Each structure stands twice: as structure tokens, then as C-alpha cells.
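Proteins come first, then strands; the chains are lettered A, B, ... in the order of their sequence lines, and each starts at number 1. Here the structure is a predicted model, which means the values were calculated and not measured. Side chains are part of it too, since the values below use all heavy atoms of this structure and drop only hydrogens, waters and symmetry mates.
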Amino acid sequence: MYIKPYGDTLNDGAVQLSFSMPVTCSGRAKEAARQLVLKMGFAQCDIVHAHPLSDEFTFFVAYAKTAASIDFDRVEYVEALDEKSLSMDEVNAFIKAEFKRKLVVVGACTGFDAHTVGIDAIMNMKGYNHHFGLERYPMIEAFNLGAQVPNEKLVERARELRADAVLISQVVTQKDTHVQNLTRLIELAEADGLHSHCLMIVGGPRIGNKLARELGFDAGFGSGTYAEDVATFIVKKLKERQTAGPRRQQ
Amino acid sequence: MKAKLGLSKAKISQARRRAAGIAGPVREHIRRHTTVAVERATLRLLGADGANRDGVPVPNLVLEALRGRVGEGLSKHYISALLREGKSPVELNAALAEGFDIAQVPLLDQGRVAAKAAELVRELEARLRANITHRDARLKEFSPNAKSPMLYVIVATGNIHEDVKQARAAALQGADIVAVIRTTAQSLLDYVPYGATTEGFGGTYATQENFRIMRAALDEVSQSQRRYIRLVNYCSGLCMPEIAAMGALERLDMMLNDSMYGILFRDINMYRTFVDQNFSRMINAAADIVINTGEDNYLTTSDAVEKAHTVLASQFINERFALDAGMQPRLMGLGHAFEMDPAIKNGFLLELAQAQMAREIFPEHPLKYMPPTKFMTGDVFKGLAMNVLFNFASKATGQSIHLLGMLTEAIHTPHLQDRYLAIQNALYVMNSMADFADEVEFKRGGLIKRRAQQVLDESLTLLAEVERLGLFTAIAQGLFAEVKRPQDGGKGFDGVCEKAPGYWNPVEDWLECRLKIAG
């Protein structure tokens with residue numbers, strides 16, 4: 001099934017855009033913005049608003065129509081979780097039944113990242129948006145190491161605490177700094193042998209499962225993730241590992 | 001602003017007494033200690049600057065050479081070297097950067113050292129006075145164009161020259177305050193990098209050169225716009241006092257500076273932080289720099305409904321530490337934030353109660369109000385709506401420093417047009433309700449009054465508990481922001497040093513005298 005953006009009629013291809021350009025606001029600037037949108041491949045474009053941001057910058061709001069469409073049936077995407085998440089109680093019951101011990105989860109914002117909003121939402125007792133955090137789970141021992149934890153320290157603490165899973169939050173993604181940091185971390189975890197028995201999971205607003213897997217992590221969770229989503233992945237994956245035997249170093 | 005909440009004056013006084021009781025024992029610790037950062041800041045204020053070929057700053061070179069003598073104060077060595085070598089600070093800095101070993105310079109007699117120190121301190125005083133005079137003159141000249149609250153934006157490109165373009169654009173659009181975001185990495189560096197930053201991650205370094213570049217740009221746009229545009233940077237982390245020194249020298253107008261933030265959110269050692277924050281606040285006070293405290297951060301980790309009283313308690317504590325550092329209330333930009341879950345029924349009324357309460361309890365303080373961040377999603381349109389309510393709450397309760405919410409919060413550092421949209425939003429809301437605060441009173445026994453009284457009561461209970469435990473233990477037990485920090489843990493503990501009997505610091509002596517701090 002081919003689909004296009006929907007404005008007010010099926011397949012009208014309506015898209016709203018806004019952007020700034022480094023030119024003085026003028027009729028010519030507006031025309032340049034319109035032509036630029038057409039160059040992007042849009043079939044039709046109206047610049048509905050233009051306003052100077054300074055003497056050298058102009059802001060535009062544009063409505064455009066695209067001829068492009070996508071065959072929805074052929075879009076492939078693998079979610080970190082291929083089924084519905086368990087509830088907090090179900091996670092606890094699952095751990096009791098399958099592991100017969102508490103699972104240890106260690107979380108941190110690593111490298112230079114100081115933004116703890118994400119890791120707190122997943123780990124803190126209170127959780128986020130009425131979804132309790134992992135600290136609230138009776139069968140999970142959760143250790144939130146906080147912000148700016150050096151990668152070395154995180155690996156060391158995870159080993160000491162005999163972690164079953166490590167959660168890394170990365171919020172700052174400017175200039176792909178998170179990719180470099182995550183790459184260093186996964187290299188450390190591999191060298192240390194930690195990753196052979198411990199899940200490495202990364203989360204953040206600009207993090208997807210695809211990127212995380214490419215970097216060598218077990219899963220990646222983006223915005224809109226709650227503690228039970230992460231917990232479900234952890235228990236299911238650990239169970240799978242348990243059944244399949246220890247993961248061999250690749 | 002007229003008091004509308006009917007808060008008990010006796011309870012407010014009691015809270016202040018408890019804050020004093022909490023700060024007292026910490027004050028004793030502060031008095032008996034110096035830190036590597038305090039010594040480096042002192043050297044900077046006496047003229048130490050520059051860096052060697054490897055980028056090690058001159059104040060750090062002096063410290064490394066004299067590591068074992070921190071407890072006696074490092075200034076006497078620097079001043080002895082100036083005198084013995086017959087050099088100016090600029091010349092001595094150059095020599096130090098080339099490898100001149102200051103440890104080999106014998107100390108001169110204290111009389112000569114003190115006389116030279118007095119001369120250097122007079123130069124320092126003159127420079128700070130010139131900065132204050134300049135700022136006051138511009139503020140007076142441009143006062144017809146001043147806004148209340150002042151609109152505060154951030155620039156965060158990581159390239160100071162790119163930051164300048166964005167700051168200029170924001171100022172033209174109506175921003176009154178520009179904060180140059182500092183790369184988060186800097187808070188844990190035990191030195192201040194040297195020179196201009198052109199490739200930072202998530203911000204630039206706070207360097208003296210970056211301060212100069214942005215100051216010059218904002219002064220230019222201040223003239224063209226007939227509004228004095230204030231410059232902000234971060235006086236926090238392991239180099240808190242040094243950054244205060246640089247900010248004082250380069251006429252920054254505001255600095256983020258919190259008495260406990262580094263401990264709770266950066267895992268910096270508490271003994272280190274308390275000494276550093278005191279010295280940095282003395283410098284800020286002497287330079288007439290408004291501090292912005294960080295209470296908003298409590299609400300990004302904790303719930304804004306349940307933990308509102310921790311914000312108020314921390315405001316009382318921050319106020320007390322600032323008073324102890326000789327700072328007047330007009331320089332205390334106590335922080336708070338609009339961080340209620342937007343799904344809560346009447347959440348806006350709770351926000352209004354909190355903001356009004358802060359205004360009434362801290363009437364002379366330029367309160368700093370932070371926008372929604374925690375519940376901002378990728379939905380920029382919902383975000384814009386939330387920022388309208390935030391702008392409304394701020395104007396309705398007479399806040400002073402209004403950090404504009406960005407519709408793209410939670411997505412990226414602000415794009416050029418994000419700031420424009422935020423400024424337009426605030427100008428519209430605040431103009432259309434200009435005299436709202438004066439028109440409206442709150443219902444007796446209503447939700448807003450009850451909420452404010454409840455938060456004050458809860459903060460009194462918390463302050464009593466902290467006073468009973470002692471602040472060091474209270475932090476260790478996680479009473480603030482639900483973060484536990486061990487007393488001897490955290491970064492920078494090895495940089496704390498007990499003052500030896502012969503400790504001497506001419507800048508500290510001058511600051512205490514100038515700020516009338518009882519010795």
C-alpha cells in the first residue's frame with residue numbers, strides 16, 4: 001500500500017516546514033526559500049510567513065506538497081521488543097519464576113553527559129508519567145550511578161555489583177558525541193568481558209534500536225520508553241541467554 | 001509586589017533561622033579551609049593568566065610547583081617572584097609558561113610582600129569598580145527599555161563566534177540576557193582552559209577569552225538596541241572560584257552559582273564545594289554580579305508536586321550561604337522551575353502558588369524562573385502551548401529573570417528560529433497581561449493559598465530535619481534531590497586543604513573587608 005502525507009485529502013502530500021536562511025529578509029529571500037523547497041523535491045510550495053531574525057537571517061514557514069510516496073507494506077523495522085511489554089507485577093513474577101533471585105541493573109549517564117532526566121525516568125522509584133521506575137521493582141536491585149560517570153568507572157561498578165544489565169543514558173548528541181562515547185564504552189565492556197554475561201542497553205531521545213545494535217549494544221530505547229519496557233526486554237533477553245548458554249565472545 | 005498569599009511572617013522568619021542554623025557549622029568548616037581552586041582564583045585576581053605550550057594554565061603551573069604549600073596560601077610566592085624578578089604579572093606569566101620554577105624563589109619578608117599585594121589589590125579594585133560603573137551607567141541610560149521580567153536565552157553552538165551571531169540575533173529580537181552554554185565536560189576539569197573555543201560539544205568552555213569575545217559583541221548590540229544586554233556564564237564545577245574571578249574581570253553580569261548543585265548533580269565533594277562556593281560568591285558580590293541558583297534541578301530528578309518544599313528549603317539555604325559570603329539580596333537570583341506534569345488537574349494553579357510564594361518570601365531577590373523541560377516531548381506544538389502558560393505564570397507573579405522555554409526543548413540545542421519564536425511568545429503574553437498581577441487577588445481558603453502555606457510548612461519540617469542532622473549528614477542521607485553523596489566521596493576532595501597558622505590571602509582579606517564580613 002503506497003501512502004503519502006495527509007493534509008485534508010487522501011494523498012494530497014501536504015507537508016509543513018519551517019527553517020531559517022542566512023540572508024536579509026526581502027522579497028528575493030522569500031522567492032529563494034520557495035525555490036529551495038522545490039529543489040528539495042516538493043512539487044508545490046507556498047512561503048506563508050517570512051520574518052527577519054536579524055539583519056543577516058530570515059525565518060520562513062512553508063507549506064509544500066510532495067509527490068513522493070512510500071510502500072508501507074515493504075517498510076522493515078525491528079522493535080527492541082517484538083511483543084507487548086509486561087507490567088511491573090508481571091516482570092517481578094517472571095524474575096521469581098525464571099531466575100529465582102533478584103536481577104541487578106546498573107544505570108548511568110556516562111562520559112560527559114550530565115543530563116539525568118532519562119535515566120531517572122527509567123530508574124527512580126517514582127518513575128515517569130505514572131510508570132514506576134526500576135527502583136520500585138521488588139525483584140530488581142537498581143543502582144543509579146547518576147551523571148558524568150566515566151566509562152571505566154561504570155564498567156568497574158557493574159562488575160563489582162555483578163550486574164545483569166547496564167543501562168546507559170545519552171542525551172547530548174550534538175556532533176555525534178554520543179556515538180564516540182558509546183563506542184568507547186562498548187569496547188571497554190567487551191575487553192573487560194563484562195558484556196559476555198551482562199546486557200548493555202542504551203537509551204535517549206535520539207537513540208534508536210537500530211543505532212544501538214549497530215554500535216554493538218543489545219538494545220536501544222528512544223523517547224516514550226517506560227521502565228517496564230526496559231525491564232521486559234531485560235528479563236526476556238536474559239531468559240533467552242540462559243536457555244542458549246553463555247554468549248560467546250565474537 | 002503586594003503580598004497575596006497570607007503567609008505567616010513568623011514561619012518565614014523561623015525558616016530563615018533554621019537556614020542559619022544549618023549554615024553555621026558549614027561556615028566553621030569554610031573558615032578553616034582553602035582549596036586549590038580558591039588559591040588559583042586568588043592568583044588570577046592578582047594577575048596570573050596564560051598557559052604553557054601544553055595548554056596548562058599558569059595558575060595550575062604555580063599550584064603544581066607549590067603543591068605542598070597550599071595551606072599557607074600561594075599568593076606570597078607569586079608576589080615574591082614578581083618582586084625578586086622585577087617583573088610585571090604579564091612578564092612573570094610568560095616566564096612561568098616557559099618553565100620558570102617558582103618553587104625555587106625564596107619568600108621575601110612579609111612587609112614587602114604585603115605592600116606589593118596592596119598595590120595589586122588596588123588595581124583589582126579599580127578594575128572591578130570600573131566594570132560596575134560602566135554597567136550601572138548603561139543600565140541607567142537604557143532604563144526606559146528595560147523589561148520585567150528580563151528575557152533570558154541561551155546560545156550553545158560550541159563555537160564562540162557562531163554563538164556571537166545567535167546572541168546578536170536574539171538581542172535584536174528582544175532578549176535581555178544571553179547565557180553562553182558551557183560544555184558539560186568542563187565542570188569536572190580542575191583547570192580553566194585557555195583561549196577561544198571553536199569546536200565544543202554541547203557548548204563552549206568558560207574561558208576568559210570567550211568571555212571577552214561575547215562581552216564585546218553584546219556591548220555593541222546594547223548600544224544599537226538601547227538596552228543593556230546581560231552576559232551569563234557558569235560559575236560552577238571544580239573551578240567555581242576561578243570562573244568567578246574571570247567573570248568579575250570581564251564584566252559578566254550573572255553567573256550560575258549554587259551552594260549544593262555540584263555536590264548533588266556533579267558528584268563533587270561537599271567539603272570542596274562549600275569552600276569554593278563561598279569564595280566565588282564573595283567575588284561575585286564584589287563585582288556586583290547576580291548569581292543564579294540551581295533549584296530547578298531538583299525538579300528534573302524529583303516530582304514537582306511532592307518535592308516543591310525541597311526547592312523552597314534550598315532557596316533558604318542558598319540565601320543564607322550568599323548572605324554569609326557578603327552578598328546582598330538584590331544579587332541573589334534564587335532559582336525555581338515550571339516543572340509540573342501537564343496532565344495534573346489544576347497543575348497550573350500549583351505552579352502559580354509556588355511562583356507567587358517565592359516572590360513573597362524573597363521580595364528583593366531577582367528570582368530566576370526556569371521553563372518546562374522535563375515534560376517537553378518532541379511535540380513542538382504542545383511545547384509552545386506549555387511555554388505560553390509558563391510565560392503567563394512568570395508575568396502574573398512578578399518574576400525577575402525569565403529563562404525562555406524553547407519549543408524544541410528535548411530535541412536539540414536551540415535553532416536560531418526557536419529563540420525567535422520563544423521571544424515572540426513571551427513578548428505577546430507579557431504585554432497583553434502587563435498589569436494582570438495588580439488586578440488579581442487569590443481566594444481566601446482557595447487552592448492557591450492553601451498550597452503555598454502547605455509548601456512553606458513542609459519546607460520548615462525539612463529544614464528542621466537538616467538542622468538536626470547537620471547539612472553534611474543530610475546530604476549523605478539523600479535529603480536533597482533524593483541523591484546520596486558520601487562526605488569524603490566525590491571529585492576534588494584532594495584539593496581541600498586546612499589553612500596553616502601562617503595562611504595569608506590578600507584577596508580574601510580585601511573581599512572580607514570590602515563586603516563587611518565578620519572575621
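Within the 4.5 Å cutoff, side-chain heavy atoms of B:Ile411 are placed close to those of A:Arg206. At least one side-chain heavy atom of A:Glu56 sits under 4.5 Å from a side-chain heavy atom of B:Arg168.
When heavy atoms are compared at a cutoff of 4.5 Å, A:Ser20 approaches chain B by way of both its backbone and its side chain. Looking at B:Lys484, there are no atoms closer than 4.5 Å to chain A (heavy atoms on both sides), in backbone or side chain. Using a 4.5 Å cut-off between heavy atoms, B:Leu421 touches chain A through its side chain atoms alone. Residue contact with chain A, scored on non-hydrogen atoms closer than 4.5 Å, is absent for B:Asp267. Of the atoms belonging to B:Thr377, not a single heavy atom falls under 4.5 Å from chain A.
In terms of the side chain to side chain contact (heavy atoms under 4.5 Å, CB included) criterion, residue partners of A:Asp8 (sequence neighbours excluded) are, by chain and number, A:Asp12.
Residue with the most contacts toward chain B among A:Asn124, A:Asp120, A:Asn144: A:Asp120 (heavy-atom pairs, distance under 4.5 Å).
Within residues 57-64 of chain A, the residues that have a heavy atom under 4.5 Å from a heavy atom of chain B are A:Phe57, A:Phe59, listed by number.
The backbone N or O of A:Ser54 lies less than 3.5 Å from no partner atom in the side chain of B:Gln173, so there is not a single donor-acceptor pair.
Few gaps surround CD on A:Glu214; more than 12 heavy atoms of other groups in view lie less than 6.0 Å from it. By the neighbour-count criterion of 12 heavy atoms within 6.0 Å, atom CD1 of A:Ile70 is sparsely surrounded, having that number or fewer from other residues, nucleotides or ligands.
Residues A:Phe19 and B:Gln417 share a closest heavy-atom pair of CA-NE2, 3.7 Å. For the pair B:Leu172 and A:Asp55, the tightest heavy-atom approach, listed with the atom from each and the gap, is CD1-N, 4.1 Å.
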